[in-house]
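What follows is a set of notes on a single structure, which appears directly below.
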There are 2 protein chains.
Amino acid sequence: MTIRHLKIFLAVAEYKTMSAAAEKLYISQPTVSQAIRELEEHYHGLLFERLGKKLYLTEMGKILLTRSRDLVQEFQRLDDSMVEQGKKMMLRLGSTLTVGTCLTPEIILHLEEKFPGIEVRSYVSNTQEIEEKLLKSELDAAVVEGEVQSPDLVVLPIVEDMLVLVCGQEHAFYTEKMLLKEALYYQKFAMREPGSGTRQLFEEYRKVHQIPIEISWEANCPRTLINAVLYNKALSVMSFRLLKHEIRHDKIRIFLEQNKEWNRKFKLVYHRNKYLTPVIRELEMYLHQCKKMELSVKYGWIR
Amino acid sequence: MTIRHLKIFLAVAEYKTMSAAAEKLYISQPTVSQAIRELEEHYHGLLFERLGKKLYLTEMGKILLTRSRDLVQEFQRLDDSMVEQGKKMMLRLGSTLTVGTCLTPEIILHLEEKFPGIEVRSYVSNTQEIEEKLLKSELDAAVVEGEVQSPDLVVLPIVEDMLVLVCGQEHAFYTEKMLLKEALYYQKFAMREPGSGTRQLFEEYRKVHQIPIEISWEANCPRTLINAVLYNKALSVMSFRLLKHEIRHDKIRIFLEQNKEWNRKFKLVYHRNKYLTPVIRELEMYLHQCKKMELSVKYGWIR
DNA sequence: CTTGGTTACGTTACCCGTAAAAATT
DNA sequence: AATTTTTACGGGTAACGTAACCAAG
């Protein structure tokens, strides 16, 4: 027995004659007749009494009528809503903290504009957790700044990024145009926690150039670090992309590392077996378009 | 889209692989694969992500899972309960030969009138086979004239019946009003086969009263016996109920046994665990109504 | 004579299985 | 190499329409 039989039965019950039901259903009358007969044979009982040319529901028919109404309706609603659902695009997007702060918001805005009705879910965490979720297919794609380990993930280093040194108005560096590495010695820094991509890159730089500093702030929130710079005369090193959004009218000054040692890339990551939906392809296109980004504020250099 | 698709989908979601689902559903694996694909095409969206050989439910799949579970279950319950309902409108009725000949036809007519659309299946055989089929639940109920052995069967002796002696126009008894037992000595009888209830009762009577006779006809068909009486001057002993239908305008005469030694009862029989459907209850009611039956022809007595 | 249901029959489409290929572990 | 999904193809049957028939107003 199928939903089809019930639909036909309901139509017959509603329109009182098989001919009318057939017309409403856009099928032939004998087909309706046969469907009803199949139901009756399957249930071993008549659903309609045929007296003359009128049909009367039997007791069995009445029972079936009330119960199948809800069932068929519910089936139809499920079907409709799933078709609706299919039309909706969805993206479960992962990002690491820096990316999630400075890039993900505009990514989502762009996708929402490109695909009206899309549902984007954003998950921000460290690279390792992002990786795991990609492998478990709990995320469709992610944009990260750290290094990805799993060979089952496709990594596309698309977006250029760069760390900058940042200081506040009250800091001695504020008026400088050029700093030597030695100027950083024993300065107070506000830095991301160990394990973050930003911190790792900076630590590598310090190690290579043997630069002793003092980490007086540690936080995983960029805004916290910027506040430390603004109000506590700390220095910090972070992505210039973070500053575009965070500084607004705040009085800060930034310095670029002259040898591009602070350059890095944000990577688009997804499972190598991932079916690339239009949404994901659009995401990649958009990231290419974000590749370069000009610095809209004045800056100095570190040499 | 059909319930079938949802059932397959549910199995795959439950067993995590299409192969396992196919096995559980007793269908081939490609069939499962195809059904899932049809669903996905119909909804314009993936239900499972295929990463390697593992399947992961997509968001769409999760939605479909929760909603289709209830739906399919409800569908199944409706179907089952309707089939149940159908059984209640069906009666598999057994009867022994005498009953099947004279009583069952009117029983069926009555039930069909009372329950339009009912399906009555009639099975006529000897008491022993009827018993076996009742015990195997191949019959819902039966009406028999013989003795029932099994303690698992409920026996309700409802309908009064009586054997009568019957002779034809050319027989010497035809003009008699009263016969003595001795008159039966060495008469030619047409009788039912040994083992029939009628024959057993008559043999018991003969044994008690030491009546020697000659069995010159033996048949299991009442009409055959009556013909022997009509055309071959045989005597016979059978239920008076048989004669009501069989004699019509035939010239016969019947004699009742004065001491009611030929009285017996038809019994309604069913399994003691049988659920008494409306149909069976109506059957019992109807039999009560058949309890007594007046003899519409003239008759004599045996003393 | 019209309307509505059933029966009969042929066509189409779908369901499903087997076999083979592709992909992943 | 083994397991699982996908693809390809063919046979059987279920769905459906047409036509003819039947029954009731």
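Because the structure is a prediction, the values reported are computed rather than measured. Just so it is clear: chains get the letters A, B, ... in the order the sequence lines come, proteins before strands, and each one is counted from 1.
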Task: Contact state string [nucleotides 13-18 of chain D, B base, S sugar-phosphate only, - no protein heavy atom under 4.0 Å] - done: --SBBB
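Counting heavy-atom neighbours within 6.0 Å of Glu147(A) CD, excluding the residue itself, gives a total of 12 or less. Atom CD of Glu203(A) has more than 12 neighbouring heavy atoms from other residues, nucleotides or ligands inside a 6.0 Å radius. Within 6.0 Å of CD on Glu74(B) lie more than 12 heavy atoms contributed by other residues, nucleotides or ligands.
Applying side chain to side chain contact (heavy atoms under 4.5 Å, CB included) to Thr96(A) and the options Val143(A), Thr101(A), Thr127(A) leaves one that passes, Thr127(A).
Cation-pi contact between Lys136(A) and Tyr56(B): absent, since separation from the ring centre below 6.0 Å together with deviation from the ring axis within 45° is not met.
Between the CE atom of Met18(B) and the P atom of dA22(C) there is a distance of 19 Å, rounded to whole Å. In this structure, the NZ atom of Lys24(A) is 17 Å from the C1' atom of dG4(C), given to the nearest Å. Atoms OH (Tyr275(A)) and P (dT6(D)) sit 14 Å apart, rounded to a whole Å. Atom CD1 of Ile36(A) is separated from atom C1' of dT7(C) by 17 Å (rounded to the nearest Å). In this structure, Asn273(A) places its CG atom 17 Å from P of dT4(D), rounding to the nearest Å. Atom pair Leu39(B):CG and dC14(C):P shows a separation of 15 Å (rounding to whole Å applied). If you measure from atom NZ of Lys54(B) to atom P of dT25(C), you get 8 Å, rounded to the nearest angstrom. Separating the CD atom of Glu23(B) from the C1' atom of dT3(D) is a distance of 13 Å, rounded to the nearest angstrom.
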- [ ] Decide yes or no on salt bridge (Lys or Arg N to Asp or Glu O under 4.0 Å) for Glu119(A) and Arg121(A), but give the supporting numbers first.
- [x] CA-CA 7 Å; Glu119(A) 188 176 347; Arg121(A) 295 186 190 170; 3.0 Å; yes
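Phosphate contact (OP1/OP2 of dT6(D), side-chain N/O of Ser33(B), threshold under 4.0 Å): present. When the side-chain nitrogen and oxygen atoms of Arg50(B) are compared with OP1 and OP2 of dT6(D), one or more of them lie within a distance under 4.0 Å.
When all heavy atoms of Asp140(B) and Tyr270(B) are compared, the closest pair comes out as O-CB, 3.6 Å. Shortest non-hydrogen contact noted between Met18(B) and Leu55(B) is CG-CD1, 3.9 Å.
Side-chain contact annotation: Ser95(A) with Thr104(A), donor-acceptor N/O pair under 3.5 Å present.
Comparing dG5(C), dT4(D), dT7(D) against the side chain of Ser19(B) picks out dT4(D) as the nearest.
Remark: DNA chain C takes part in the stems C:1-25 with D:1-25, each of 3 or more antiparallel Watson-Crick or G-U pairs, criterion distances under 3.5 Å.
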